[in-house]
Protein chains: 2
Amino acid sequence: MGQPSTRDTILDAAQRIAAERGAGRITLDEVAKESGLSKGGLLYHFAGKEALIKAMLERLIERSSVVREEHASSLVGKPHATLRAMLATRNRDDVLDPHVAMAILAAAAEQPTLLDPLRQHIAHMREQIIAESGDHPAFWLLWAAADGLLFQQLLGVEPYLPEQRDAMHQQLQLLAEGMLK
Amino acid sequence: MGQPSTRDTILDAAQRIAAERGAGRITLDEVAKESGLSKGGLLYHFAGKEALIKAMLERLIERSSVVREEHASSLVGKPHATLRAMLATRNRDDVLDPHVAMAILAAAAEQPTLLDPLRQHIAHMREQIIAESGDHPAFWLLWAAADGLLFQQLLGVEPYLPEQRDAMHQQLQLLAEGMLK
DNA sequence: GATACTATACCAACTGGACGGTATAGTAAA
DNA sequence: TTTACTATACCGTCCAGTTGGTATAGTATC
C-alpha cells in the first residue's frame with residue numbers, strides 16, 4: 001500500500017476531529033491544522049466545506065460497500081445474499097464512527113441535498129435486493145430495523161441496555177433467517 | 001382555552017421556522033422576529049438557544065406522550081398496550097414535523113446532552129413495557145423497526161417508495177400482532 | 001389615596017467571536 | 001510551465017449573548 005493521497009489525509013483529519021472533538025468542531029481552519037496543511041492547501045483540494053463533508057460521506061459509502069460486498073461474496077449461492085450481507089455488516093462500527101455520522105447528520109440538517117449520494121446508493125441497493133429477492137415489504141422492514149438499531153446507537157437513544165447491543169443485532173439476523181428461509 | 005403563553009408563542013414560532021425555512025434557520029434573531037418579540041424579550045423567556053431547543057424537545061415529548069397514552073387507553077385490558085400504542089402512533093407526523101426533528105438532531109450533534117430528556121423518556125417507557133410485557137429482545141426489535149421507519153422518513157433515506165410508507169407501518173403492526181399474539 | 005418599591009415582561013443597540021471564504025506572494029518539484 | 005502546495009493576512013457575515021433601559025401592574029406603607 002502506497003502512502004495515502006493528500007485528499008485522504010485531509011478526510012482522515014476531518015474524521016479524527018469529528019470523532020475526538022465532536023461534530024461541531026469540523027471547521028476549515030481546524031481541519032487544515034489537523035491535516036498538517038495550510039488552509040489554502042486544503043481549499044486547493046476541496047472547493048469548500050460542503051464539498052469536504054460530501055467527500056467524507058462518499059468515502060464512507062464506498063468503504064461500507066466494500067465491507068458488505070466482501071461479506072456478500074462469502075454467501076455465494078445462498079439466496080438473499082445482499083440483504084443478508086447488509087444486515088450482517090450494518091453494526092460494524094469500524095466502518096462508521098458515531099461522531100462522524102453525527103457530523104454528517106448535522107450538516108444534512110442544513111443542507112438536505114448533501115445526502116443525495118447516500119440516497120443514490122440506497123436506490124441502488126434497493127434494485128439489487130429486488131433483483132435478488134423480489135420486492136416484499138418484509139425485506140424493507142428488516143432494513144428499517146437494522147437502520148433503527150444503527151440510529152439508536154448513533155444518537156444514544158437505545159431502549160435496551162448497551163451490553164445488549166450485539167445481542168440485538170444477532171436477534172435481528174435470527175429473525176431474518178426465519179423470514180427469509 | 002385561553003390565549004397561549006408567551007413561551008408557547010415562541011416555541012410555535014421556532015417550529016414554524018424549522019418547518020418552513022429549514023432547521024438551519026433557527027437563530028435567536030429569526031425566532032424573535034417570527035414570534036413578534038425582540039431578541040431581549042425572547043432571551044427573557046429562554047436562557048439561551050440551547051434552552052430553547054431543549055424546550056422544543058420537551059414539548060414534543062409531552063405531546064407525543066399524550067397521543068400515545070390516549071391511544072393506549074383505548075386498548076385497556078388488551079396485553080402489551082404501551083408497546084402497541086407506541087407502534088401505532090409512531091408514524092403520526094402531525095406530532096413530529098420532519099424539519100423540527102432535524103433541527104433537534106442538528107443541535108444534538110454539537111450538544112449530545114440535549115437529548116437527555118428524550119433518553120429519560122425512553123427509559124421510562126422501557127420500564128413501563130417491561131412491567132407490562134416483560135423484557136424480551138423481540139420487543140426492542142419492534143421498537144427499533146419503528147424508529148428505523150421514522151428516521152428513514154426524517155432523513156429521506158427510505159429504501160421503499162414514498163407511497164409505501166403507510167403500508168410499511170401497517171406491515172410492522174401486522175408483524176407485531178404475530179409476535180405479541 | 002398618594003408614595004415608594006418590586007417583579008415581570010419586555011425593547012433596542014451593541015459587542016465580540018467564530019468562521020467561511022478570498023487574496024496575494026512565494027516555493028519546490030516534475 | 002504546470003501542479004501542488006505554504007504562509008499570512010484579511011473581509012464580511014452571521015449570530016449568540018450582554019447591557020441598560022422602559023412600561024406596567026401589583027403591593028405595601030404612611
Side-chain angles (χ1 to χ4, degrees), chain A residues 2-18 20-57 99-100 102-114, chain B residues 2-18 20-57 99-100 102-114:
Chain A
Q3 53 205 327
S5 69
T6 305
R7 261 183 83 95
D8 275 318
T9 305
I10 293 169
L11 293 176
D12 289 341
Q15 287 203 4
R16 229 175 303 132
I17 289 173
E20 291 167 11
R21 275 176 265 174
R25 301 295 292 276
I26 301 189
T27 68
L28 295 184
D29 289 286
E30 297 245 355
V31 173
K33 201 189 296 178
E34 177 77 22
S35 57
L37 283 165
S38 71
K39 194 174 176 179
L42 167 62
L43 285 164
Y44 177 81
H45 288 279
F46 296 97
K49 190 180 183 178
E50 201 187 317
L52 174 67
I53 307 254
K54 193 175 167 192
M56 283 176 71
L57 173 59
H99 290 283
V100 174
M102 285 305 286
I104 291 168
L105 239 57
E110 312 194 6
Q111 193 45 232
T113 59
L114 202 132
Chain B
Q3 52 207 326
S5 68
T6 306
R7 261 183 81 97
D8 275 319
T9 305
I10 292 169
L11 293 175
D12 288 341
Q15 286 202 6
R16 230 176 303 132
I17 289 173
E20 290 167 13
R21 276 175 264 175
R25 301 293 292 276
I26 299 190
T27 67
L28 295 184
D29 288 287
E30 298 248 354
V31 173
K33 202 189 296 177
E34 177 77 23
S35 57
L37 280 169
S38 73
K39 195 175 185 174
L42 167 61
L43 284 164
Y44 174 80
H45 289 279
F46 297 96
K49 190 180 184 178
E50 201 188 317
L52 174 67
I53 307 254
K54 196 176 164 191
M56 285 177 69
L57 174 60
H99 289 284
V100 174
M102 284 305 286
I104 291 168
L105 241 56
E110 311 195 5
Q111 194 44 232
T113 59
L114 202 131

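Keep in mind it's a predicted model, so treat the numbers as computed, not measured. Below, chains carry the letters A, B, ... as their sequence lines are ordered, and counting in each starts from 1.
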Student: Nearest whole angstrom, please: distance from the P of C/dG17 to the CG of A/Asp29.
Tutor: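 Taking CG of A/Asp29 and P of C/dG17, I get 16 Å after rounding.
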Student: Tell me the interatomic distance from A/Arg25, atom CZ, to C/dG20, atom P, rounded to whole angstroms.
Tutor: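 Whole-Å distance recorded here is 12 Å.
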Student: Under 3.5 Å, is there an N or O donor on one side and an acceptor on the other linking the side chain of A/Lys49 and the base of C/dG21?
Tutor: no
Student: Choose from D/dA7, D/dA16, C/dA9 the nucleotide whose nearest atom is closest to any side-chain atom of A/Ser38.
Tutor: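 Between D/dA7, D/dA16, C/dA9, the one nearest the side chain of A/Ser38 would be D/dA7.
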Student: Please report, rounded to the nearest Å, how far the C1' atom of D/dC14 is from the NZ atom of B/Lys33.
Tutor: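 Spelled out: NZ on B/Lys33 to C1' on D/dC14 is 13 Å.
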Student: Between the main-chain N or O of B/Lys49 and the side-chain N or O of B/Lys54, is there a donor-acceptor pair closer than 3.5 Å?
Tutor: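 No.
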Student: Without decimals, in angstroms, what is the distance between A/Leu52 CG and C/dG20 P?
Tutor: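 About 10 Å, once rounded to whole Å.
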Student: Taking 4.0 angstrom as the limit, do A/Glu20 and A/Arg25 come out as a salt bridge?
Tutor: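 Salt bridge: no.
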Student: Quickly work out the B/Ile10 CD1 to C/dC10 C1' distance and round it to whole Å.
Tutor: 10 Å
Student: D/dC14 C1' sits how many Å from B/Ile26 CD1, rounded?
Tutor: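 After rounding, the reported distance stands at 16 Å.
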Student: Assuming nearest nucleotide by heavy-atom distance, tell me which of A/Glu30 and A/Gly40 is located more 5' along DNA chain C.
Tutor: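 That would be A/Glu30.
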Student: Is it true that, when you exclude B/His45 itself, more than 12 heavy atoms of the residues, nucleotides or ligands shown sit nearer than 6.0 Å to its NE2?
Tutor: yes
Student: Looking across every strand, which nucleic acid part, if any, lies under 4.0 Å from A/Gly41 by heavy atom: base, sugar-phosphate, or nothing?
Tutor: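 It contacts base atoms.
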Student: Is there a donor and acceptor pair, one atom on the side chain of A/Lys39 and one on the base of D/dA7, closer than 3.5 Å?
Tutor: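 In this structure, the two groups form no donor-acceptor pair.
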Student: Have a look at A/Phe46 and tell me which of A/Leu28, A/Leu52, A/Ile53 forms a side-chain contact (heavy atoms from CB on, under 4.5 Å) with it.
Tutor: A/Leu52
Student: Once you round it to whole Å, what is the distance between P of C/dA12 and CG of B/Leu37?
Tutor: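 Nearest whole value for this atom pair: 11 Å.
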Student: Ignoring hydrogens and angles, tell me if any N or O in the side chain of B/Lys39 forms a donor-acceptor pair with the backbone of B/Val31 under 3.5 Å.
Tutor: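 No, because the side chain of B/Lys39 does not come within donor-acceptor range (under 3.5 Å) of the backbone of B/Val31.
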Student: If I take atom CG in residue B/Leu28 and atom C1' in nucleotide C/dA13, what distance separates them, rounded to the nearest angstrom?
Tutor: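 In whole Å, C/dA13 C1' lies 16 Å from B/Leu28 CG.
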Student: Any idea which of C/dC10, D/dC5, C/dG20 is nearest the B/Thr6 side chain?
Tutor: C/dC10
Student: Indicate, with a heavy-atom threshold strictly under 4.0 Å, whether B/Thr27 touches base, sugar-phosphate, or nothing.
Tutor: sugar-phosphate
Student: So what does A/Leu43 touch, heavy atoms closer than 4.0 Å: a base, only the sugar-phosphate, or nothing?
Tutor: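 Here A/Leu43 touches the bases of the nucleic acid.
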Student: Does B/His45 have a side-chain nitrogen or oxygen under 4.0 Å from the phosphate oxygens OP1 or OP2 of C/dC10?
Tutor: yes
Student: With a cut-off of less than 4.0 Å, is there a side-chain N or O of A/Tyr44 near OP1 or OP2 of D/dC5?
Tutor: no
